[in-house]
Amino acid sequence: MLVFVPVAIGVGIGSVMLILTKWLKNAHASFSKIPALIGLIACVVLIVVAIYVVRGFEGAAYIYLAVTILLFSMVSFAKSI
């Protein structure tokens, strides 16, 4: 449960991020990189919270979530170019 739930939540957030990026790119919006940047900011915030606030095994769950969001942010940023 420590691994599967945060990764599943991260996949859900990442899927929304990819769909939003694709929609903005198809609309020829100049700000199609915004979902990737928001995901990157969320990843940094989650890592800081995991290390300095929560700590321990619960913090590891936050880091799993952050890494999943980071991977989807990188894919989203690559697709927005």
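Heavy-atom minimum distance, Tyr62 versus Ala50: CB-CB, 3.5 Å. Pro35 and Ser76 make their closest contact through CB-OG, 4.5 Å (heavy atoms, listed as atom of the first residue, atom of the second, distance). Here the closest heavy-atom approach between residue Pro6 and residue Leu65 is recorded as O-CD1, 3.4 Å. A pairwise comparison of heavy atoms in Thr68 and Val11 identifies CG2-N, 3.8 Å as the closest pair. Contact detail for Ile81 and Lys25: the closest heavy-atom pair is O-NZ, 3.1 Å. Across all non-hydrogen atoms, the minimal contact from Thr21 to Ser32 is CG2-O, 3.8 Å.
A distance of 12.5 Å separates CD1 in Ile69 from CD1 in Ile41, rounded to the nearest 0.5 Å.
A chain of hydrophobic side-chain contacts below 4.5 Å, direct or via other Ile, Leu, Val, Met, Phe, Trp or Tyr residues, connects Leu20 to Ile34. Met17 and Met74 fall into different hydrophobic clusters, where Ile, Leu, Val, Met, Phe, Trp and Tyr residues are linked whenever their side-chain heavy atoms come under 4.5 Å apart, directly or through other members. Taken together through direct or relayed side-chain contacts under 4.5 Å among Ile, Leu, Val, Met, Phe, Trp and Tyr, Val48 and Ile63 form part of one hydrophobic cluster. Under a hydrophobic-cluster definition in which Ile, Leu, Val, Met, Phe, Trp and Tyr are linked whenever side-chain heavy atoms come within less than 4.5 Å, directly or via other members, Val49 and Ile13 are assigned to the same cluster. By the criterion of side-chain heavy atoms lying less than 4.5 angstrom apart, applied directly or through intervening Ile, Leu, Val, Met, Phe, Trp or Tyr residues, Ile38 is grouped together with Leu24 in one hydrophobic cluster.
Val5 is not listed as a side-chain neighbour of Tyr64, based on a closest heavy-atom distance of 4.5 Å or more. Between Leu70 and Leu40, the closest side-chain pair of non-hydrogen atoms falls below 4.5 Å.
Within a 6.0 Å sphere centred on NZ of Lys22, heavy atoms belonging to other residues, nucleotides or ligands number 12 at most.
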